[in-house]
Amino acid sequence: MDPDVTAVRPFLERGRALSSPPDASGEGHPHTGVRAYAITRGRAHASVHLEFETMLQATVVGRDAAGAQRFERGDIVRLCDSEPLSVAELSARLHVPIGVVRVVAADLLTEGLLESFHPTENVADDVLLLTRLIAGVRAL
Amino acid sequence: MSVLSDAPVRPVAGPIPVKIVIAGGFGVGKTTFVGAISDIAPLTTEAAMTSYSEGIDDVGDVTTKTTTTVAMDFGRVAVDQAIVLYLFGTPGQDRFGFMWNDLIQGALGAVVLVDSRRIEDSFPALDYFESRGVPFVVAINKFGGNMFHSLEDVREALSINPAVPVITTDARGRSAVKETVLSLLDVVLHRALARRSGAE
Ligand SMILES: Nc1nc2c(ncn2[C@@H]2O[C@H](COP(=O)(O)OP(=O)(O)OP(=O)(O)O)[C@@H](O)[C@H]2O)c(=O)[nH]1
Ligand SMILES: [Mg+2]
């Protein structure tokens, strides 16, 4: 791409500020923060990297053990019991920040309570998958 | 249903998640766009976004790191028996650029929604995707009415590479949204094909 093309954009001269928050953002989920963070045991990083769209499903072992899991651990296993759900969906449905879901779900994966379906590596070069995706979207 | 008899049944291939990003200024129609094609009503989640702004102040060169929590809307479409397309709608919000690295990781590309009355609101998103080489298309949400400017005028105001598609869309219309997504996927596929033939 020609770098000059972008240079003329009057980036700092806009009249309007862009930072007014969206209407709904004030609502948030104020009650979930502390408890959710407690269960990550203070760790900020997960043992397995999960993308927002990585899908998770309870294993047979996980389903059997769901009742014995506390807090978000149990919630996550139960929510993705019948169908695989993405990290983002778990976060939204549990009202827990994505980062917390990532840490807890990574533990559950390591312990064999969940299985994961990761995005395809180098998906942008996967002509077969892209072709299939396009055909599928066209047929929607 | 017996757990034991079901236990050996493991799907040979599970779902394949793919994602695209719907970006643009506040109120441009991102959530509406996602909702028009999604199988589920758009959900909202929170993610910490880290932005770095560089500048010079009294103590010299500084890089300020700010972490903000950004609400992200997203939807999901079962495209076929395996492929699940996720659409993440998120605002561009920082005057100095913003870091969406987490979100954009593995994304096929982006639709930058533009309101032709407030074209400049899309600049942060354009700058971001251009600087990272993320494929994108520009879609002017017509808000059910007339365009305030011609497509060519908008393209000129955006000063984007002539190869980037600039199209109109209707964020409320399923078929318009479908076409917009397809135009992005077309760009992505052509890039993939070009890279493949370049590698031969
Ligand atoms: N008439 C009309 N209204 C629209 C259209 N697209 C969006 N809207 C309305 O514009 C408002 C903002 O749309 P949203 O989809 O919430 O926009 P957004 O980009 O998600 O907004 P934020 O997440 O707050 O940045 C809503 O009231 C929509 O109903 C459109 O094509 N025509
Ligand atoms: Mg929105």
Side-chain angles (χ1 to χ4, degrees), chain A residues 1-2 5-12 14-25 28-29 51-55 57 60 63-64 84 86 88-89 91-93 95-99 101 115-121 123-127 129-140, chain B residues 3 6-7 14-19 25-27 37 43-48 69 71-72 74 76-77 79-80 83-86 88 91-95 102-103 105-106 108-109 118 120-121 123-124 126-127 130 133 135 158-161 174 178 181-182 185-186 188-189 191-193 195-196:
Chain A
M1 241 177 251
D2 180 1
V5 175
T6 60
V8 294
R9 214 169 275 150
F11 196 41
L12 295 175
R14 283 167 302 170
R16 266 182 93 261
L18 297 179
S19 48
S20 54
D23 286 340
S25 72
H29 310 294
E51 303 295 347
F52 292 11
E53 73 278 21
T54 299
M55 298 179 84
Q57 186 163 28
V60 174
R63 263 182 272 164
D64 288 348
S86 64
E89 280 166 289
S91 159
R93 295 218 201 161
H95 303 298
V96 163
I98 278 196
V101 172
E115 65 179 322
S116 55
F117 304 99
H118 293 272
T120 310
E121 259 182 69
V123 62
D125 284 317
D126 193 333
V127 170
L129 183 63
L130 291 174
T131 309
R132 221 175 110 188
L133 176 59
I134 288 169
V137 171
R138 194 164 280 140
L140 283 176
Chain B
V3 169
D6 285 345
I16 306 168
V18 295
K19 80 178 153 189
F26 287 112
I37 197 172
L43 293 166
T44 303
T45 185
E46 288 173 3
T69 304
M72 251 179 351
F74 65 93
R76 181 187 73 193
V77 193
V79 168
D80 64 20
I83 302 176
V84 183
L85 173 65
Y86 282 94
F88 285 90
Q93 61 159 18
D94 190 334
R95 258 184 350 138
D102 227 16
L103 176 60
Q105 173 69 41
L108 284 174
R118 297 176 292 146
E120 66 279 8
D121 287 9
F123 290 174
L126 296 175
D127 288 340
E130 278 175 348
L158 294 172
S159 47
I160 45 175
N161 187 307
R174 185 176 160 86
K178 234 177 77 173
V181 170
L182 283 169
L185 295 178
D186 207 47
V188 176
L189 177 63
R191 278 206 189 190
L193 292 170
R195 272 194 301 265
R196 192 164 77 173

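Every chain is numbered from 1 and lettered A, B, ... according to where its sequence line falls, protein lines coming before strand lines.
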Engineer: Roughly how far apart are A:I98 CD1 and B:L103 CG, rounded to 0.5 Å?
Structural biologist: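 It is 8.5 Å, given to the nearest 0.5 Å.
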Engineer: Kindly compute the distance separating OH (B:Y86) from CZ (A:F52), expressed to the nearest 0.5 Å.
Structural biologist: 13.0 Å
Engineer: Tell me, side chain or backbone of B:L189 under 4.5 Å from chain A's heavy atoms, or both, or neither?
Structural biologist: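 Both parts, backbone and side chain.
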Engineer: For the atom pair CD1 (B:I83) and CG (A:L129), what is the distance rounded to the nearest 0.5 Å?
Structural biologist: 4.5 Å
Engineer: Taking all heavy atoms of A:V96 and all of B:T45, pick out the closest pair and write down the distance.
Structural biologist: O-OG1, 4.4 Å
Engineer: Using a cut-off of under 4.5 Å on heavy-atom pairs, state which of B:V188, B:L43, B:L182 scores highest against chain A.
Structural biologist: B:L182
Engineer: Which pair of heavy atoms, one from A:D125 and one from B:A192, lies closest together, and at what distance?
Structural biologist: CA-CB, 4.2 Å
Engineer: So among B:V181, B:L185, B:V79, which one has a side-chain contact (heavy atoms from CB on, under 4.5 Å) with A:I134?
Structural biologist: B:L185
Engineer: Among residues at least two apart in sequence or on other chains, which ones pass side chain to side chain donor-acceptor pair (under 3.5 Å) with A:T54?
Structural biologist: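 Here no residue qualifies.
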Engineer: Under a 4.5 Å heavy-atom cut-off, does chain B meet the side chain of A:E53, its backbone, both or neither?
Structural biologist: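 For A:E53, heavy atoms of backbone and side chain both lie under 4.5 Å from chain B.
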Engineer: At a heavy-atom distance under 4.5 Å, which candidate from A:G136, A:P84, A:A88 has the highest pair count against chain B?
Structural biologist: A:A88
Engineer: Examine distances only and state if a side-chain atom of B:R195 and a backbone atom of A:A124 form a donor-acceptor pair shorter than 3.5 Å.
Structural biologist: yes
Engineer: Less than 4.5 Å to any heavy atom of chain B: does that hold for the side chain of A:E121, its backbone, both, or neither?
Structural biologist: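 For A:E121, neither part sits under 4.5 Å from chain B.
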Engineer: Quick check on B:I16 against chain A: is it the side chain, the backbone, both or neither that has a heavy atom closer than 4.5 Å?
Structural biologist: side chain
Engineer: Which pair of heavy atoms, one from A:H118 and one from B:P17, lies closest together, and at what distance?
Structural biologist: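 Closest approach of A:H118 to B:P17, heavy atoms only: O-CD, 3.7 Å.
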Engineer: Of all residues at least two apart in sequence or in a different chain, which pass the side chain to side chain donor-acceptor pair (under 3.5 Å) check with B:D186?
Structural biologist: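 With neighbours one apart ignored, the set is empty.
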Engineer: Give the minimum heavy-atom separation between A:L140 and B:K178, together with the two atoms involved.
Structural biologist: O-NZ, 2.9 Å
